[in-house]
Amino acid sequence: MSEIPKAYDPTQHEDSVYARWEESGMFIPENLPDFQNREPYTIIVPPPNATATLHIGHSVMLAIEDALIRYKRMNGKRALWIPGTDHAAIATTNVVEKMILKEEGKTRHDLGRAELVRRIEDFVESKRDRIKLQFRKMGASLDWSREAFTLDAPRSLAVRVMFKKMFDDRVIYRGDRVINWCPRCASTLSDDELETKARVAKLYYFKYSHDFPITIATTQPETKFGDTAVAVHPSDERYAALVGKTFQVSFGGEGGVVLNIRVIADHTVEKDFGTGALGVTPAHSMIDYMMALQNNVPLVQVIGEDTHMLAAAGTAYVGLSYLKAREKVVAWLRAEGLIEKEEDTEQNAPVCSRCGTEIIPLPKLQWFVDVNKKFSFKHSPRRPVVGIAAGSAVSLKEVMRYVVETEQIKMIPERFEKTYMHWVDNLLDWCISRHIWYGHRIPVWYCVDKKMTECAAPICSVDDVEFCPHCSGAVEQDPDVLDTWFSSGTWTFSTLGWPYTRVIFVRHGEASSNVTGMMETKNIDAKNSLTDVGKIQAEKCASLLAAEDAAIIIASPVERAKETAEILAKKLGIDVRFDDRIREVGAGTLEGKSITKFIAARGDLSNWFNTTTDGIEPYMSIKERSNEFMADILKEYQGRTVIVVTHGGVMGIAHKYGTDQPDGEDDYPGNCGTMVREFDASGSQSGDLNVYHPMDVLETGYDILPNWVSRMILLTTYTLGEIPFKTVYLHGLVRDEQGRKMSKSLGNGIDPLDVIPKYGTDAVRLALLLGQAPGNDLKMSEEKIGGFRNFTNKLWNISRFILSQEDAGTESKYVAHESIDEQPLTVLDKWILSRFATIAEEFSTALEAFEFSRAGELLRDFTWNDLADWYLECAKVEGGKHVVLNYLLQNLLKLWHPYMPFVTETIWQSAYAKDTTDFLMIAPWPEYGTMARYPEAEMHIARMQRVVTAIRALRADFKIEPKEIVAVTIVSKFVEVLAIEQPIIEKLARCTILFANSAPDGQLATVIEEGTITIPKPEARADSMDDRGKLEGEREQIGIYIEALRAKLSNEEFLGRAPAAVVEKEQDKLREAEEKLTAIELRLK
RNA sequence: GGACGCUUAGCUCAGUUGGUUAGAGCACCUCGUUUACACCGAGGGGGUCGUGGGUUCGAAUCCCCCAGCGUCUACCA
């Protein structure tokens, strides 16, 4: 096909191919052919910051995940890959605040909370689409219809519902914690917002007072007003006798304070530093704080947010800046003669990364997830965690450990399980509040006036709270927002429709009409109130529902339902309201007549569906009003539990909302019976969570294993009672040629957006997938990408050659699997088909095992060596191979598709697509299991290859002109096999062959496994040509080899202990080597 | 300081449960316009598998020591 260009130009095809895929809808699993019968396979993208630009780290993640998803999709899976972005609260806030400061010179305090949040949201909105476009550039086959954002409405609801659940379970608590405080920014800083500055500080050695037995050392004497303990190492004999004692000491002179100092033993204290004793200031030091927690020592704050001393520091010091206070304390210590020594010491002081101000550790009220608190484990109704009984008391830490220990979650590579366990074992309570404005605001309110004692408790609520439920006074929402990981930790289930809304349908209790069997559908008829039995039924029902944390009761206004609902409401202590849309079925003129008569008049569905006799309400009318009702309450009470009290007939229709169950009145329970149904955010009862959770693979970089992966395991097992995913695959980080991290400041980064237009997305993907072991870092260079661009082009040209083969009378180039069997196959054909079947299997197996690099190398070697270098060249000799060639190509394209989707789809479209809906993307995977294998043909062709290579080497060694056809003599015991391939050997090695019983003297020889091959010496240079040197060298080498083999085979212990198969193999090797040696010696005689 | 890794050809890396004369790509050298491809083809050179010890009939592979490098995590009162 001369119209196909010689070189593949990716820019010509990639965007349009992606657009066609997306238009086809096949990224959405429900559009795949026969999707109901496909087994689900789910991956979710680790959400990049919404304001990010595509970088090489995203590329490697997308390349791996897309390869998996495409492979599984072609293998008949219901492949779902969900995209999304992260609001990255702190990082985004920093970017925008910096921008505003630079452009307008304003701080966040100048703007105020509402304005700053609005500005950040605008900024995020303006950047959010960019990363998505760039994901498309990578060829990622993502289901864009399910796109999510960690701060959008569904995720906000999920976060609030989850927070409330944890709050109610007391897994979340509020407590003091020492945080990094920047006095200039008036803000807390997370650990990654800190930088360290080296400085020299004065280290003072002193005692608190003359009657205190231990000397301590510090660089910050002013904090000592907050000391509540002195810590020493447990094995330190100097202080052993004092451990456990408490001393009262007055400190700071007149206007100072009295300290209560307990001596505690802690392993973190170093015996050899300073005096080996450490004054513990829990309020103003992180490690002191940890020590205080473990030793149960109180915390006293002495420095305020404004860097001035607080009242707890004593009347003489309060109000002084901490530096002034330091001077004053030191002066007092000196005057008292308490100082033993002063020396200079080097320190790394933490400073604010934004303004360089030294941070002050301060205690602040924060929200925590208690990882050790036992809670009652809830089971998933779907695929619960195995081995933890529902209702058993467990802690988050225990569950996190358990699911990985029991391999319910597997990590690849396995060694990261160790990292994970180590992390879990050292896990402290997770501080989830952040003192910034952008993010999920903590769903907790506080009563402002606190008029009643109950008002003191924080109010946690899914819905916004407007006034105090106790005193009806004003409330204020907690000012802080949640840690980003708290929302991204819900990623696997909040993106699949969680929280589910639970609707409990309750049929009214027994009424007098139930006893008489009369139709009573209107309402308020005192004659038709609940019977005594009905009232007892309602009471019983209420106690059954007590465990359900229902938000509201909604009831039909018809008397018997109304009455039932009111009994429930009273007992459960929740509100009730009435909705006419779930009233009883209209009886028309049969009102007050018997039910039997009513049913007879109504008839079956065909009669009742749209129009009816006697004014009876048609089925569709009931369905319409109940559907409308369901849609409304599901929206209003999303994620909550709602009790709906109505009538049997309405219940029978309404409970089918959100399913595809056929129309018709279903059975409904007896009086006060219940039906429980769960609905996802879209109002479906068969939603995504049922189908796609747990996810199959969580693929991400190993650097966020603790931050994110662990948090997802924590939150998912707690919230759902399910694991979030079955396998965690961790890839390495991409580095530059010198192994450095890629960064903007170093300018050493490879920007995918630069190299994609240059080399094509397929080449970039190959460069990221090959040469990378799981969990190992990957060194990347533009040369490497260039190399894979060459391979892309090679595949293009292989296709070009195959598609140019004359196709005698066949209309389509497509070759069905079966039609290969009808082909007359030569040994050569059998060889390549057999090789292909083997490679297809090995490639698939390697992919299943996440061995992306090995898989790719296998396939590349097959494509380049076996197919291009050998089979194509041989096919030119044998001719007439268009069927086998096209068969190979179309299957090869399938194998390559997960790695290089664009070039393979482009070729498929131009050669094999049957119509415009035929995409390689959804083509079935090659059926390697049913492909014939020909081991004998593989052996024969291997012999042929060795002979060709030997002749070529002989020519090259003795500088035979490339154009010259040489007369080759072959002495071999495999003549029969080689003779079949004679034309191929002659063409490929540019020679004529004579098979003989002995090699002619005076010729140049080479000896291989297949025998002795000779060529005549070129006449002009006959004298200078000598093969003796080469042959002697080989004789020596093989001699050594034979020696080693003989030694091994005469070793009794080897013979005795090695498996028979190994011994046999060694014997074969020896025999072969000896034969070769004999042949060489024959030539050297 | 703690945890986890890595060290195989000039460079980047494979080497599955110990049984090859240790492989690939790139780079290098020689040759080459043969019905796809110079983003190519043919041939070739190059490694005592970081050091030392041990287990074993047999170690790049398992164990220990040491050295160098890397990542994460604590950090010094």
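All values derive from a computational prediction rather than experimental measurement. Chain A is the first sequence line, chain B the second, and so forth, proteins listed ahead of strands; every chain is numbered from 1.
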> So, is B:U8 syn or anti if syn means the angle is within 90° of 0?
Replying inline: anti

> In whole Å, what separates the C1' atom of B:A60 from that of B:U20?
Replying inline: 12 Å

>> Under a 3.5 Å cut-off for both contacts, is B:C49 paired Watson-Crick or G-U wobble with anything, and if yes, with which nucleotide?
In response: none

> Does B:A67 pair with anything, Watson-Crick or G-U wobble, both distances under 3.5 Å, and if so, with which nucleotide?
Replying inline: B:U7

> If we call it a pair only when both distances are under 3.5 Å in a Watson-Crick or G-U wobble match, what pairs with B:C28?
Replying inline: B:G44

> Quick one: is A:K6 getting a side-chain N or O under 4.0 Å of the B:C39 phosphate, OP1 or OP2?
Replying inline: no

>> Both distances below 3.5 Å, Watson-Crick or wobble geometry, any strand: find the nucleotide opposite B:U17.
In response: none

>> Would A:K1048 pass as a cation-pi partner of A:F1054, given that its NZ or CZ must be under 6.0 Å from the six-membered ring centre and within 45 degrees of the axis?
In response: yes

> Do NZ/NE/NH1/NH2 and the carboxylate oxygens of A:D762 and A:R765 come within less than 4.0 Å?
Replying inline: no

> Which is true for A:Y702 with a 4.0 Å heavy-atom rule: it touches a base, it touches only sugar-phosphate, or it touches nothing?
Replying inline: sugar-phosphate

>> Say we look at B:C11 and B:U55: how far apart would their C1' atoms be, to the nearest angstrom?
In response: 35 Å

> Taking the side chain of A:K1069 as its heavy atoms from C-beta onward, which of B:G41, B:A77, B:U21 lies nearest to it?
Replying inline: B:U21

> Taking atom C1' of B:U12 as reference, at what distance in whole Å does atom CD1 of A:I750 sit?
Replying inline: 13 Å

>> Need the pair for B:A22. Rule: Watson-Crick or G-U wobble, both distances under 3.5 Å, any strand; none if unpaired.
In response: none

> A:D703 has an atom CG; how far is it from atom P of B:U71, in whole Å?
Replying inline: 12 Å

> Only one of A:F852, A:F788, A:F843, A:F791 clears ring-ring contact (aromatic ring centres under 6.0 Å, His included) with A:Y899; which?
Replying inline: A:F843

Enumerate the protein-to-nucleotides 56-59 of chain B contacts in which both atoms are nitrogen or oxygen and the separation is below 3.5 Å.
from  : atom 1 : to      : atom 2 : distance (Å)
B:C57 : OP1    : A:R1057 : NE     : 2.9
B:C57 : OP1    : A:R1057 : NH1    : 2.4
B:C57 : OP1    : A:R1057 : NH2    : 3.4
B:C57 : O2'    : A:N1051 : ND2    : 3.4

>> Please compare A:L872 and A:L203 by the position of their nearest nucleotide in RNA chain B and report the one closer to 5'.
In response: A:L872

> Can you name the residues that form a salt bridge (Lys or Arg N to Asp or Glu O under 4.0 Å) with A:R326, not counting sequence neighbours?
Replying inline: A:E222

> What are the two closest heavy atoms between A:R238 and A:G276, and how far apart are they?
Replying inline: NH2-CA, 3.9 Å

> Who does B:A60 pair with, Watson-Crick or G-U, both distances under 3.5 Å?
Replying inline: none

>> My understanding is that only one of A:Y322, A:Y208, A:F251 makes a ring-ring contact (aromatic ring centres under 6.0 Å, His included) with A:F225; could you say which?
In response: A:F251

>> Checking A:D425 against A:R401 for the side-chain contact (heavy atoms from CB on, under 4.5 Å) test, could you report, in this order, the C-alpha distance in whole Å, the side-chain angles of both residues, the deciding distance, and whether it holds?
In response: CA-CA 8 Å; A:D425 289 342; A:R401 206 169 205 297; 2.8 Å; yes

>> I need the CD-C1' distance between A:E1066 and B:U21, as an integer number of Å.
In response: 11 Å

> Taking CD1 from A:I802 and P from B:C37, how many angstroms apart are they, rounded to a whole number?
Replying inline: 14 Å

> Counting only Watson-Crick or G-U wobble pairs whose two distances fall under 3.5 Å, which nucleotide matches B:A74?
Replying inline: none

>> It should be established whether A:K779 places a side-chain nitrogen or oxygen under 4.0 Å from OP1 or OP2 of nucleotide B:C13.
In response: yes

Enumerate the protein-to-nucleotides 42-45 of chain B contacts in which both atoms are nitrogen or oxygen and the separation is below 3.5 Å.
from  : atom 1 : to     : atom 2 : distance (Å)
B:A42 : O3'    : A:R952 : NH1    : 3.4

>> Could you check whether any side-chain heavy atom of A:Y729 comes within less than 4.5 Å of a side-chain heavy atom of A:H731, counting everything from C-beta outward?
In response: yes

> Atom CZ of A:F862 to atom C1' of B:A24: distance rounded to whole Å?
Replying inline: 17 Å

> Which one, B:A36, B:C39, B:U71, comes nearest to the side chain of A:A7?
Replying inline: B:C39

>> Within the 4.0 Å heavy-atom criterion, would you say A:S285 contacts the bases, only the backbone, or no part of the nucleic acid?
In response: nothing

> Would you say the side chain of A:L778 lies within less than 4.5 Å of the side chain of A:K784, judging by non-hydrogen atoms?
Replying inline: yes

> Which whole number of Å gives the distance between the P atom of B:G2 and that of B:C66?
Replying inline: 12 Å

> Under 4.5 Å between any side-chain heavy atoms of A:L203 and A:D344, yes or no?
Replying inline: no

> Expressed in whole Å, how much space separates the C1' atoms belonging to B:C13 and B:G18?
Replying inline: 22 Å

>> Any base atoms under 4.0 Å from A:A868, or only sugar-phosphate, or nothing? Heavy atoms, all strands.
In response: base

>> Strictly under 4.0 angstrom, non-hydrogen atoms only: write out the protein contact profile of nucleotides 25-35 of chain B, one letter per nucleotide from the 5' end, B, S or -.
In response: S-----SS-BB

> Taking atom P of B:U73 as reference, at what distance in whole Å does atom CG of A:D425 sit?
Replying inline: 17 Å

>> Output the rounded distance in Å from CD1 (A:I287) to C1' (B:G1).
In response: 13 Å

>> Suppose you measure atom C1' in B:G10 against the same atom in B:G46; what distance do you get, rounded to whole Å?
In response: 9 Å

>> To check you understand the geometry: which heavy-atom pair defines the closest contact between A:L730 and A:G701, and what is its length?
In response: CD2-O, 3.8 Å

> Is any side-chain heavy atom of A:E340 closer than 4.5 Å to a side-chain heavy atom of A:K207?
Replying inline: yes

>> With a 3.5 Å distance limit and no angle check, can you tell me whether A:R262 reaches the backbone of A:V297 through a side-chain donor-acceptor pair?
In response: no

> RNA chain B: A:S853 or A:R789, which has the more 5' nearest nucleotide?
Replying inline: A:S853

>> Please give the distance between the P atoms of B:G32 and B:U51 as a whole number of Å.
In response: 42 Å

> Under the 6.0 Å and 45° cation-pi test, does A:K876 pair with A:F801?
Replying inline: yes

>> My understanding is that only residues two or more places apart in sequence, or in another chain, count here; which of them pass side chain to side chain donor-acceptor pair (under 3.5 Å) with A:Y289?
In response: none

Is there any protein nitrogen or oxygen under 3.5 Å from a nitrogen or oxygen in nucleotides 3-6 of chain B, and what are the pairs?
from : atom 1 : to     : atom 2 : distance (Å)
B:G5 : OP1    : A:K418 : NZ     : 2.6

> Side chains of A:K758 and A:I785: does their closest heavy-atom pair fall under 4.5 Å?
Replying inline: no

> For the side chain of A:R800, counting heavy atoms from C-beta on, which of B:A36, B:U12, B:A77 is nearest?
Replying inline: B:A36

> Mind checking the C1' distance from B:C49 to B:G15? Whole angstroms is fine.
Replying inline: 10 Å

>> Does A:K1030, at its NZ atom, have more than 12 non-hydrogen atoms belonging to other residues, nucleotides or ligands within less than 6.0 Å?
In response: no

>> I'd like the P distance from B:C63 over to B:C69, given in whole Å.
In response: 24 Å

> B:C39 C1' sits how many Å from A:N793 CG, rounded?
Replying inline: 5 Å

